[in-house]
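No experiment lies behind these values; they were computed from the predicted model shown.
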Amino acid sequence: MRTQRQVVDYSLQKRAVLRELLAGRVGTYDVCDASPYLKNAARFHGEPTDRRCPICRSENLTLVHYIYGDELKQSAGQARTLTELPVLAMTLREFQVFVVEVCLGCDWNHLVEQYLLGRDGLAGDNDGAGEQDVAAEGAGRRRREAQR
Ligand SMILES: [Zn+2]
């Protein structure tokens with residue numbers, strides 16, 4: 001997505017969890033604990049993938065995108081389909097997306113990544129240009145006020 005930024009990848013943490021599981025230090029009941037809310041979100045807003053679940057290896061994983069941010073008001077914390085995100089990214093300045101992978105077969109779930117979306121990211125090529133404009137405008141206004 002064009003305005004995607006500050007991406008945090010959680011694949012290392014996920015591999016660590018899977019290692020712990022293989023080593024028998026955690027049980028599947030510890031990691032396969034998707035809540036009914038998460039599973040509903042996966043069913044209704046989830047993005048199907050062709051990647052097999054690392055635990056049961058019988059179902060494909062579904063990605064759920066949760067959105068957070070002050071501008072979202074009562075929608076904060078809700079799941080959105082992947083196709084809804086670019087629309088939101090063009091109407092809002094900034095919001096956080098958390099991507100969670102879920103297996104609807106065995107309830108495995110893990111945070112995949114998080115990132116920011118929103119119009120603020122469009123200034124990426126000339127970083128901070130927007131803020132400079134505002135600062136220049138403020139300085140101009142102050143000068144005009146001083147002349148009065
Ligand atoms: Zn599974």
Inset, instruction - Among residues two or more places apart or on two chains, list those pairs meeting salt bridge (charged side-chain N to carboxylate O under 4.0 Å, His left out) that have a residue in residues 16-29. - result: E20-R25
Legend entry - Non-neighbouring partners of T83 that pass side chain to side chain donor-acceptor pair (under 3.5 Å), sequence neighbours left out: T81
Inset, instruction - Looking only at non-hydrogen atoms, find the nearest pair between C106 and C103 and report the distance. - result: N-SG, 3.3 Å
Inset, instruction - Taking the side chain as every heavy atom from C-beta outward, state whether L111 and V99 have any atom pair closer than 4.5 Å. - result: no
Using residues 62-77 as the side-chain source, report each donor-acceptor pair under 3.5 Å to any protein atom, sequence neighbours left out, with the distance given to one decimal.
{"residue": "E71", "atom": "OE1", "partner": "R93", "partner atom": "N", "Å": "3.0"}
{"residue": "E71", "atom": "OE2", "partner": "R93", "partner atom": "N", "Å": "3.3"}
{"residue": "E71", "atom": "OE2", "partner": "E94", "partner atom": "N", "Å": "2.9"}

Legend entry - ILVMFWY clustering at 4.5 Å (side-chain atoms), partners of L104: none
Legend entry - For R57, side-chain contact (heavy atoms from CB on, under 4.5 Å) partners two or more places apart: none
Inset, instruction - Mark yes or no for whether R5, through its side chain, and G118, through its backbone, hold a donor-acceptor pair below 3.5 Å. - result: yes
Inset, instruction - Determine whether the side chains of Q78 and R80 contain a donor N or O and an acceptor N or O closer than 3.5 Å. - result: yes
Inset, instruction - State the OH-CD distance between Y115 and Q4, to the nearest 0.5 angstrom. - result: 5.5 Å
Inset, instruction - Check the pair Q96, Q6 against side chain to side chain contact (heavy atoms under 4.5 Å, CB included), reporting the backbone distance first and the verdict last. - result: CA-CA 10 Å; Q96 189 91 40; Q6 291 182 32; over 6 Å; no
Legend entry - CA sep, side-chain torsions, deciding dist, call: K39, D107, side chain to side chain contact (heavy atoms under 4.5 Å, CB included): CA-CA 8 Å; K39 284 160 65 178; D107 291 0; 3.0 Å; yes
Legend entry - Working for side-chain hydrogen bond (donor to acceptor under 3.5 Å, both in side chains), residues Q114 and Y10: CA-CA 8 Å; Q114 72 176 71; Y10 289 97; 2.6 Å; yes
Inset, instruction - Please list all pairs passing the ring pair (Phe, Tyr, Trp, His ring centres under 6.0 Å) test where one or both residues lie in residues 17-61, with sequence neighbours left out. - result: none
Inset, instruction - Would you indicate whether the side-chain heavy atoms of L117 and R2 approach each other to under 4.5 Å? - result: no
Inset, instruction - Please identify each residue that fulfils salt bridge (charged side-chain N to carboxylate O under 4.0 Å, His left out) with R119, with sequence neighbours left out. - result: none
Legend entry - Contacts of V87 that satisfy side-chain contact (heavy atoms from CB on, under 4.5 Å) - sequence neighbours left out: none
Inset, instruction - Please go through W108's hydrophobic cluster and name the other residues, only I, L, V, M, F, W, Y counting, with side-chain heavy atoms under 4.5 Å joining them. - result: V17, L18, L21, V26, V31, I55, L61
Inset, instruction - Let me see the working for T28 and D30 under side chain to side chain contact (heavy atoms under 4.5 Å, CB included), right down to the final yes or no. - result: CA-CA 5 Å; T28 47; D30 290 319; over 6 Å; no
Inset, instruction - Can you sort out the partners of S11 under side chain to side chain donor-acceptor pair (under 3.5 Å), two or more places apart, ordered by chain and number? - result: D9
Inset, instruction - Before giving the answer on side chain to side chain contact (heavy atoms under 4.5 Å, CB included), spell out for V112 and V100 the whole-Å C-alpha distance, their side-chain angles and the decisive distance to 0.1 Å. - result: CA-CA 5 Å; V112 175; V100 179; over 6 Å; no
Inset, instruction - Write out all pairs satisfying salt bridge (charged side-chain N to carboxylate O under 4.0 Å, His left out) with one or both partners inside residues 43-54, taking only residues at least two apart or from two chains. - result: R51-E101
Legend entry - Any L88 side-chain heavy atom under 4.5 Å of F95 side chain: yes
Legend entry - Those residues that, when tested against D33, pass side chain to side chain donor-acceptor pair (under 3.5 Å) (two or more places apart): N109
